[in-house]
Amino acid sequence: MLDRLLLISLILCLLAGCNREEPTLSEENPLDGFYLSTSSQSQARADAVLPSQGSEDVSHLLGTIAHPGATAPSWEREEYLPEEATDWIVDVQFPAGSVFDVQRLDQPFDKTFREEHGGLTLYGKDAATGSWTFLISADGPSEVTGLKIAWDYFSAWKDDAEVATAAKYQARLDGIKSALASDSIEATIQADTHPRRSCRTDPLPVTATRTSRSHDCLSRSRTG
């Protein structure tokens, strides 16, 4: 009788899983206990268990670090200016003490002006630092005391480089005067090279070669 009870108990134990082994780590879901939450929820949990302030101020233990002044010496400041060897440069000088908003100086040289006189680059003298840089840029000046306007003598990236004539250079000078006068901006305007010397006007074929700091926009030679 006792043997029969033991046998029945063994059968019931097997059916109920008494001999079932514990699952191994590989059989478990490794993501159990993890869930997605927003950054605000994570921050709230951190604030609940972690201190937000120290128990005391011991910042004096960190000491101090000596460092030079935030303003770099003038000889270390990088300036951006047109290149005399490749650019025809017009210097625009304002009366002493004049300070202009960069947007006001940029506005006269809009798309219409550039379509008529060609692409150009504007440079301004930063009223705050006294350094020359691009008039309009992400970290450029807000006010300037001087202006320079530069045109490439020719587009080196084009196979058929278009060379401006002396009349074209003169038209650019006149256009600058008119553009500034239309906004009642008083200035003295002077080109680094006179229009008549900026480009030879003889009909010889153009060779896209320029001698450094030459006042002829291109050197020309006969071909063939």
Charged tip of Arg104 within 45° of Phe100 ring normal and under 6.0 Å: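 The answer is no, since Arg104 fails at least one limit relative to Phe100.
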Is it true that a side-chain atom of [X] and a backbone atom of [Y] form a donor plus acceptor pair closer than 3.5 Å?
X	Y	value
Arg172	His117	yes
Asp101	Gln103	yes
Asp87	Ile89	no
Ser178	Gly175	no
Gln41	Thr38	yes
Trp88	Asp152	no
Trp132	Tyr123	no

[atom1]-[atom2] distance between [X] and [Y], expressed to the nearest 0.5 angstrom:
X	Y	atom1	atom2	answer
Leu180	Lys177	CG	NZ	11.0 Å
Leu50	Gln43	CG	CD	9.0 Å
Glu84	Asp192	CD	CG	6.0 Å
Glu143	Ser98	CD	OG	12.0 Å

Does a side-chain heavy-atom distance below 4.5 Å link [X] with [Y]?
X	Y	value
Lys125	Ser131	no
Phe94	Leu105	yes
Ile189	Asp91	no
Val90	Lys148	no
Thr193	Tyr153	yes
Asp139	Ser137	yes
Val102	Pro141	yes

Quick check: closest heavy atoms across [X] and [Y], and the distance to 0.1 Å?
X	Y	answer
Val92	Ile176	CG2-CG2, 4.4 Å
Ser42	Ser37	OG-OG, 3.2 Å
Glu116	Lys168	O-NZ, 2.6 Å
Tyr169	Pro195	CB-CB, 3.7 Å

Indicate if [X] and [Y] have the same hydrophobic cluster label, given that clusters are the connected sets of ILVMFWY residues with side-chain heavy-atom separations under 4.5 angstrom.
X	Y	answer
Leu122	Leu81	no
Leu147	Ile136	yes
Phe134	Phe113	no

Whether over 12 other heavy atoms sit under 6.0 Å from Glu186 CD: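 At most 12 heavy atoms, drawn from other residues, nucleotides or ligands, come within 6.0 Å of this atom.
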Atom CG of Leu36 with >12 non-hydrogen neighbours under 6.0 angstrom: no
